[in-house]
Amino acid sequence: MDPITLGYLGLAVLLLLVTVGVPIAFATAFTGMAGLFILRGFDVAIGLSGIVPYGASAHYSLSVLPLFIAIGFLAMHAGITTSAYNAARVWVGRAPGGLATATIFASAGFAAVSGASTASTAVFTKLALPEMEARGYNRSLAAGVVAVGGTLAALIPPSAILVIYGIIVEESIGALLMAGFLPGLISIVVYLIVIATVVTIKPDLAPKLERTSIKEKLRTIPQLAGIGLVVGVILVGIYFGIMTPTEAAAVATAIMFVMALGKKISFADFRSGILDTVRTTVMIFMVIWGVLVFVRFLAFTGLPASVTDAIVGLDMPRGMILFAIILLYLLLGMVLDGIGMMMLTLPVIFPLIAELGYDPIWFGVLLVKLIEVGVVTPPVGLNCYVVNGIRPDIPLHDVFKGVAPFLLGEVVIIGIIVFFPDLVLFLPNMMR
Amino acid sequence: MTTLIGILDRLLRPLERFLGYLAGLIVLVLMVLGVVEVIARSLFNRPIHGSIDIIEQLMVPVAALGIAYCQSIFGNVRMTLLTQKFEGRTKWVAEAFTLLIATIVVAIYLNGSALNLMRAVTLGGDTPEIGIPLWYGMACVTCALSVLLLRLFVQLLEALRLIAVPNDQSAIFEISPH
Amino acid sequence: PTSATAAEVEGPEVKWNLSLWGARRGFSEGLEGLAQYVSEQTDGNFEIELHYGEVLSASKENLDGLYLGAFEAAAFCPIYHPAKTPALSVLDLAFLPVETLAERRDLIESLYQDPAIIADFAKWKALPLMGVMMPNYQAMGAGDPPTTLEDWQGLRISSAGGVGEVMAGLGASVTLVTAPDMFQSLERGMIEAATFPYTYAFASYRLHEVSDWVTDNWSMGAVVCHSAMSESAYNALPEQYKTLLDEAVEFGYDLQIQKYNEVDVENEALFEAEELYRVPMTDEIDAAIAAAVQPSWDAWIESASAEGVPAQELLDKVLEAAAE
Ligand code: NA
Ligand code: NA
C-alpha cells in the first residue's frame with residue numbers, strides 16, 4: 001500500500017478505536033505501533049515505541065504540569081476552593097442566575113490556581129453542582145455551567161495546555177501564559193451574559209436567592225487572600241522575569257502547600273490531593289506517549305508533509321486558510337482531546353501559521369480556546385465526561401445540552417480573539 | 001477463576017497506591033527544588049548546579065510511577081458516549097476488546113522500554129550538566145510498565161469472566177476514585 | 001562541485017529518512033545541501049528526506065533510532081548525552097583554538113578517520129555522515145560591559161557545557177535558561193548575559209535588542225553536532241551512490257558555511273544598529289580563562305579515559321589539527 005494511504009487508514013482506525021471506547025492513550029499508541037510495524041518492521045515498532053515513555057517524560061518544561069495540577073488539588077482539599085465559592089455566592093448570588101454566575105466567578109478564581117481544565121471541572125462538580133441542585137436550578141444548566149467554567153483554567157494562567165503548546169512550537173512559555181489572561185477575562189464576561197440571557201428567557205431554570213448584607217459580603221474578602229497570593233506569585237514572578245515558569249509553579253505550589261497546612265488539612269485529604277495530582281498527571285502523560293508513537297508513524301507515511309503542501313498550494317487568502325484551520329480544530333475537537341489534537345496537528349499547522357505571518361503567541365491562545373470548546377462538545381468532550389464520571393446520575397447528553405447555549409458565546413469569543421489580536425498580545429507585548 | 005483474579009487484585013492495589021504516593025512525593029520534591037533554586041539564585045546568586053538535569057530525571061517517576069494506579073481506577077481519558085449504551089454481555093465484550101488493545105500496547109511499551117534500558121546500560125548515556133546516568137529513569141519506567149501490564153491483565157481476565165456471567169458482581173470494575 | 005558541472009549519476013531508487021529537530025535553520029542548511037545535491041545528481045532517484053520537529057525521534061534519542069534501524073540517518077549532539085559518544089565530546093571542549101567554520105570542518109573531517117571516534121559511531125551501528133556545525137560561541141549581555149576580570153565575578157550568565165564551566169571558572173554565576181525564555185529572562189534581569197553561537201542564535205532569539213555588549217571575537221569554542229547514517233543502509237548503497245555521498249558532504253559543508261556567512265553579515269548590521277559595546281579580550285581575562293580551561297579539559301580527559309577513550313591522545317590530535 002502507498003504510505004500516504006496507509007496514513008489515512010491509520011487515522012480512520014484511530015477514530016474507530018476512539019469511538020468504541022478505547023482510551024485515547026491506548027488507541028493512538030496501538031495504531032501507531034501497528035503502522036510502524038507495517039512500515040518499518042517489528043523490531044523498529046517495539047524499539048521506537050519503547051523509547052517514548054522515558055524520553056517524553058524526562059522533560060524540563062513539562063515539569064510545570066504536575067505542579068500546576070497540584071496547586072489546584074491542594075486548594076480544593078484544603079477548602080480554599082470552598083471559600084472562593086462561598087464568597088462568589090455571597091456577592092453575586094442575588095443576580096439573575098446568581099449561583100450559576102457565582103460558579104463562573106469561583107471557577108475563574110480556581111482557574112488562577114489550577115492548570116488543568118478537567119481538574120477545575122471535577123472540583124466544581126463536587127462543590128457547586130449539588131448547591132445549585134439544592135436551590136432548584138435546572139440540572140442540565142447547572143452541569144453545563146460547571147463544564148464550561150472549567151475551561152477557564154486553560155486560559156487564565158497557570159495553564160498546562162499553553163505550556164505544552166509553548167514546548168511544541170518553541171515559544172516563550174512566560175509570554176504565552178500572560179497572553180491567556182485577557183481572553184480568559186473576556187470569556188468570563190461572555191459566559192455571564194449567556195447566563196443572564198438564558199435565565200431571562202426561562203426564569204424557572206434558576207430560582208432567585210435571598211439577599212445578603214454588605215457586612216456578610218465584606219467578611220468573605222480575607223478568604224480570597226490565598227488565591228490572590230498564588231495569582232500574584234505566578235503573574236508577577238513570570239512578568240518580572242524573577243522566575244522561570246517551572247520555578248513560579250514550584251513557588252506557587254509551596255504557598256498553597258503552606259496554606260493547606262495552615263488550614264489544618266487532614267492527612268487523609270492531603271493524601272487524596274496527592275493521588276488526584278498523580279492521576280491527572282498520568283492521564284496527561286499517557287496521552288502524550290500514545291500520540292507521540294502515532295506521530296512517528298504518521299511522519300514515516302509522509303501524510304503530514306503532503307497535507308501541508310496541499311494547503312500551501314491552495315491559492316487562498318490567508319483569512320480563508322485561518323478560517324479553515326479553525327473549522328478543522330472544531331471538528332477534531334469532536335474526537336480528540338486537547339493535547340492529542342495539538343501534538344498531532346501542530347507539525348503541519350504551525351509552519352503554515354508562521355508562513356502566513358500570524359503571531360505564534362496569538363495563535364497559541366486561539367488554539368487553546370478552540371481546544372477548550374472541544375472539551376465541552378460531543379462526542380469527546382472531556383469536561384462533560386468528568387461531570388458525568390463524578391455524577392453518573394446526570395446523563396452525558398444532559399451535560400451537553402446544558403453546554404449548548406454557551407457555544408454561541410464561544411463563537412463570539414473566538415471572533416474577538418481573531419479580529420482583535422491586540423487584546424491577546426497586549427500583556428505579552430508589554431513584557432517585550 | 002474469581003479467586004485468582006481477586007487475589008491478584010488485592011496484591012496489586014497496595015503496590016499501585018504505594019507507587020502513586022511515591023510519584024506524588026516526588027512532585028513535592030520538585031516543588032522544594034524549585035523554591036530552593038529561586039532562593040539560591042536570587043538571594044545568594046548561587047544557582048543549583050545541574051538543576052535542569054535533576055528535574056528532568058525526576059519527571060520520569062512523576063509521569064510513570066502512577067500509571068498502574070490510574071488504570072486501576074480507569075482514569076485514562078476515553079469516549080463513553082457509545083459504550084454507555086451497552087448493557088450485559090455486549091458491554092463486557094466491548095470492555096474486553098478495549099483492555100486487550102491496552103494490554104498489547106503496554107506489552108510493546110514494556111518490551112521496548114526494557115530494550116531501551118539494556119542499551120543505556122551497555123552503550124551508555126547520561127545527562128549534560130552533571131552526568132546522571134539515564135538508565136535509572138529507564139529502569140523506573142520499565143518497572144512501572146510491568147505493574148501496569150499486570151493490572152491490565154487482571155482487568156482483562158475479569159472482563160472475560162464477565163462475558164460468561166454478565167450480571168455477576170465485580171470489585172474490579174466498580175471502582176470510584178476515592 | 002556544483003550541479004551544473006557534475007555528471008548525472010545513474011542508479012536505483014533509494015529513499016532515506018533523516019531525523020532532525022527544530023525548524024529549518026542555519027544549523028540544518030548543510031544537511032539540506034547534502035539532500036539537495038544527491039537528489040539533483042540522481043534525478044530524484046536517491047532521496048534523503050529531512051524530518052524536522054522531532055517527528056521521527058527526539059533529538060536525544062536519534063542514536064537509539066539509528067541503532068534500531070528506524071531511520072537511515074540522523075543528526076545528534078554529543079552534548080545532550082555525553083556518555084553515548086564519549087570520544088566525540090572532545091570537539092565540545094571549551095576554547096579549542098578553532099577560529100573559522102572552514103577550520104572546524106577540516107578538524108571534524110580529520111577526526112572522523114580516528115579509530116576512537118569511529119568506535120563511538122560503530123557502537124550505535126552507525127557511520128559518520130557529516131558534521132553539523134555551529135559557529136563559535138560569544139557572550140552577549142545587558143548592563144555594564146564586563147571589561148575587567150572583576151566585572152565577571154557573580155555575573156549571572158546562562159551558559160552550558162564546557163563554556164559554562166569556564167564561565168564559572170571566571171567567577172560568573174552560571175545558570176541555565178531554556179532558549180525560548182532567554183529573551184525575557186535577559187530583559188527582566190533574571191540573567192545578565194548568555195553564551196550562544198555567534199551571530200545567528202543571538203539574532204534568532206532577538207537578544208541583541210535587549211543587550212548592551214557582546215564579547216569581541218573571544219574564541220570560546222562551539223558545541224559540535226554530527227549527522228550519522230545507519231551502517232546497514234550505507235552498505236546497501238551501490239558504489240556510485242557512496243561516491244556521490246562524499247561529494248554531497250563537501251557541497252553541504254560549503255553551503256552551510258556560505259549560509260552562516262550570509263546571516264552573519266545581516267546580523268552584524270543589526271548588532272551595529274544596536275551599538276553593542278564590543279568587549280575586548282584583555283591579558284588579565286585571557287590568563288583567567290586559560291587557568292579555567294585547563295581544569296575543564298583535564299576533567300574531560302579523566303572522565304573519557306574512564307570510559308576507555310584514549311583521551312589525552314585524542315585531545316593532542318585535535319590541538320595539533322587545529323594548529324595547522
Ligand atoms: Na489556569
Ligand atoms: Na469535543
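Labels below follow one simple rule: chain letters A, B, ... track the order of the sequence lines, proteins then strands, and each chain is numbered from 1.
In this structure, chain A has no heavy atom under 4.5 Å from any part of Tyr52(C). Only the side chain of Tyr60(A) comes within less than 4.5 Å of a heavy atom in chain C; its backbone stays farther off. In this structure, no portion of Glu209(C) lies under 4.5 Å from any heavy atom of chain A.
Minimum interatomic distance between Val44(A) and Gly69(C) (heavy atoms only, all atoms of both residues): CG2-O, 3.7 Å. Heavy atoms only, all atoms of each residue included: Glu72(C) and Arg40(A) are closest at OE2-NH2, 3.0 Å.
Under the rule for a side chain to side chain contact (heavy atoms under 4.5 Å, CB included), the partners of Tyr205(C) that lie at least two apart in sequence or sit in another chain are Ala179(C), Phe196(C), Leu207(C). With sequence neighbours excluded, the residues satisfying side chain to side chain contact (heavy atoms under 4.5 Å, CB included) with Ser204(C) are Tyr200(C). By the side chain to side chain contact (heavy atoms under 4.5 Å, CB included) test, Ser39(C) pairs with Glu47(C), sequence neighbours left out.
To the nearest 0.5 Å, the span separating CG on Leu39(A) from CG on Asn17(C) amounts to 9.5 Å. The distance from the CG atom of Asp64(C) to the OH atom of Tyr54(A) is 10.0 Å, given to the nearest 0.5 Å.
Taking a cutoff of 4.0 Å between a charged side-chain nitrogen and a carboxylate oxygen, Arg24(C) and Glu355(A) do not qualify as a salt bridge.
Applying a 4.5 Å heavy-atom cutoff, the residues of residues 45-53 of chain A that approach chain C are Gly47(A), Leu48(A), Ile51(A).
Between Phe300(A) and His51(C), the ring-plane angle classifies as tilted under the 30° and 60° cut-offs.
Taking chain A as the reference chain and counting heavy-atom pairs below 4.5 Å, the highest number among Ser57(C), Ser19(C), Gly53(C) is found for Ser57(C).
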